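Everything below concerns the one structure shown next.
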Protein chains: 2
Amino acid sequence: MPVVDEIDHRILNLLAADARMPNNALAAEVGIAPSTCLGRIRALRESGVIRGYHADIDQAALGRPMQAMISVRIQSGARERIGAFLDRIRRRPEVHNVYFLSGANDFLLHVGAADAHMLRDFVVDQLSVHPEIALTETNLIFEHYRGEATGL
Amino acid sequence: MPVVDEIDHRILNLLAADARMPNNALAAEVGIAPSTCLGRIRALRESGVIRGYHADIDQAALGRPMQAMISVRIQSGARERIGAFLDRIRRRPEVHNVYFLSGANDFLLHVGAADAHMLRDFVVDQLSVHPEIALTETNLIFEHYRGEATGL
DNA sequence: ACTGAAATTATGCGAGC
DNA sequence: GCTCGCATAATTTCAGT
């Protein structure tokens, strides 16, 4: 069980805002020596508190200007078989996030696509073909904002 | 409109997977000189293709083991006044993502909380108090997976 | 776009609190 | 046990070519 103190907290917030911030600057900001700061970051990384560092890419520039949120409902009898389905779906390049939820729908898939055609193909070829899937509902994402404080 | 070629594409995928990957390693991986690679990354950053670099933090370690997706529907007459509401809500530390959608519900708020109490307080104090908000529906997030290929 | 030098930054180690 | 300061290694950055 990792112990995260006040200073760790500040380091994490700074890294969530800018993961490429130099260790020196971080150390100065939180008021400890660079080597100490590095040790803390390494411990946080190894204990799993820091899960990784990711660049946030403008999807439109990558040829995927369209994003959608797809609600997926599983057949009530097939809840045990969804593990394999999930593992495959989350590895697809179109899929940005998978939320496994309580409520009437079981999943939310956040996906990117070049156009409506590609989106339709994704729903038909990746989702509807599976007998475990009871229904899907696709909604376009007009805008997507990230939170500021602590990064996910 | 920025031009993103094959090599840029590979750089972006690598940075999406690991934003702290050293510039030299990146350059070697994509087969160009470090200085050239740096120039490309800078251009991508300045043109907005790379929006930022963020550490992915385990929310449980930060004292927010609970996550929820809240569907929000706006009063049909109040669609013009939601800008200010959005600006405020997305700055709250509990809020990880705001999705502005088509369909019956107008927003999806992805939030973190320490417990059910805190979550209830967020819904009541930040959402229900606004007359512009017609209804909210809160669903717990059991699990959240990030996509692998290209980072968002 | 590459090469090589210079500045900046990261890392490991021994000492001190 | 955690922190620091210094020495070394690695990386980034900016010339010139």
Side-chain angles (χ1 to χ4, degrees), chain A residues 1-58 60-63 146 148-152, chain B residues 1-65 114 146 148-152:
Chain A
M1 210 64 88
V3 180
V4 179
D5 66 12
E6 208 347 73
I7 292 177
D8 286 335
H9 233 272
R10 301 216 333 259
I11 291 173
L12 291 170
N13 275 330
L14 289 164
L15 284 176
D18 178 10
R20 294 205 99 171
M21 190 170 180
N23 183 56
N24 290 343
L26 264 174
E29 190 76 31
V30 303
I32 56 178
S35 55
T36 309
C37 188
L38 190 70
R40 281 174 177 264
I41 292 172
R42 213 165 43 129
L44 290 166
R45 183 84 238 260
E46 279 166 16
S47 69
V49 175
I50 297 174
R51 286 208 273 244
Y53 305 100
H54 304 284
D56 180 3
I57 310 296
D58 179 17
L62 281 178
R146 287 175 56 93
E148 288 177 356
T150 185
L152 188 57
Chain B
M1 211 57 91
V3 180
V4 179
D5 67 10
E6 209 343 76
I7 291 177
D8 286 336
H9 232 275
R10 294 196 5 239
I11 291 173
L12 291 170
N13 275 330
L14 289 165
L15 283 176
D18 178 10
R20 294 207 101 174
M21 189 168 179
N23 183 56
N24 317 4
L26 264 175
E29 191 76 31
V30 302
I32 57 178
S35 59
T36 310
C37 188
L38 188 69
R40 281 172 178 264
I41 292 173
R42 258 227 290 272
L44 290 166
R45 184 78 171 94
E46 278 166 17
S47 69
V49 175
I50 297 174
R51 286 209 275 244
Y53 305 100
H54 304 284
D56 180 3
I57 309 296
D58 179 17
Q59 296 300 312
L62 282 178
R64 296 218 170 114
R146 285 176 59 92
E148 288 176 356
T150 186
L152 188 57

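Being a predicted model, the structure only gives us computed values, none of them experimental. Lettering of chains follows the sequences in order, A, B, ..., and the numbering in each one begins at 1.
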Take atom CG of Leu15(B) and atom P of dT12(D), then tell me their distance rounded to the nearest Å. 11 Å
Ile41(A) has an atom CD1; how far is it from atom C1' of dT9(C), in whole Å? 12 Å
Starting at atom CG of Leu26(B), determine the distance to atom C1' of dT11(D), rounded to an integer number of angstrom. 12 Å
From CZ of Arg20(B) over to P of dA10(D), roughly how many Å is that when rounded to an integer? 18 Å
Can you tell which of dC2(C), dC13(C), dA10(C) lies closest to the side chain of Ser35(A)? dC13(C)
Where the side chain of Arg20(A) meets the backbone of Arg20(B), is there a donor-acceptor pair that is under 3.5 Å apart? no
Measuring to OP1 and OP2 of dA10(C), would you say a side-chain N or O of Arg42(A) lies under 4.0 angstrom away? no
Distance in angstrom units between Glu6(A) CD and dC2(D) C1', rounded: 17 Å
Gln59(B) side chain to Ile57(B) backbone, donor-acceptor under 3.5 Å: yes
Under a 4.5 Å cut-off applied to non-hydrogen side-chain atoms, are Leu26(B) and Ile41(B) in contact? yes
Counting only side-chain heavy atoms from C-beta out, which of dT11(C), dT12(D), dT3(C) sits nearest to Leu38(A)? dT11(C)
Could you tell me the separation between the CG atom of Leu44(A) and the P atom of dC2(D), rounded to a whole number of Å? 13 Å
Please report, rounded to the nearest Å, how far the P atom of dT12(D) is from the CG atom of Asn23(A). 14 Å
Starting the side chain at C-beta, find the nucleotide from dT13(D), dA1(C), dT3(D) nearest to Arg40(B). dA1(C)
Can you check whether Leu15(B) reaches Leu44(B) side chain to side chain, under 4.5 Å on heavy atoms? no
Closest approach to the side chain of Pro22(A), judged atom by atom: which nucleotide of dC4(D), dT3(D), dA10(C) is it? dA10(C)
Just to confirm, is there a sub-4.0 Å distance from OP1 or OP2 of dC4(D) to any side-chain nitrogen or oxygen of Thr36(A)? yes
On DNA chain D, does the nearest nucleotide to Cys37(A) precede the nearest nucleotide to Met21(B) from the 5' side, or the other way round? Give the residue. Cys37(A)
Less than 4.0 angstrom between a side-chain N/O of Asn24(A) and OP1 or OP2 of dT8(C), yes or no? no
Atom CD1 of Ile7(A) and atom P of dG1(D): how far apart are they, to the nearest Å? 19 Å
Any donor-acceptor pair under 3.5 Å linking the side chain of Asp56(B) with the backbone of Gly52(A)? no
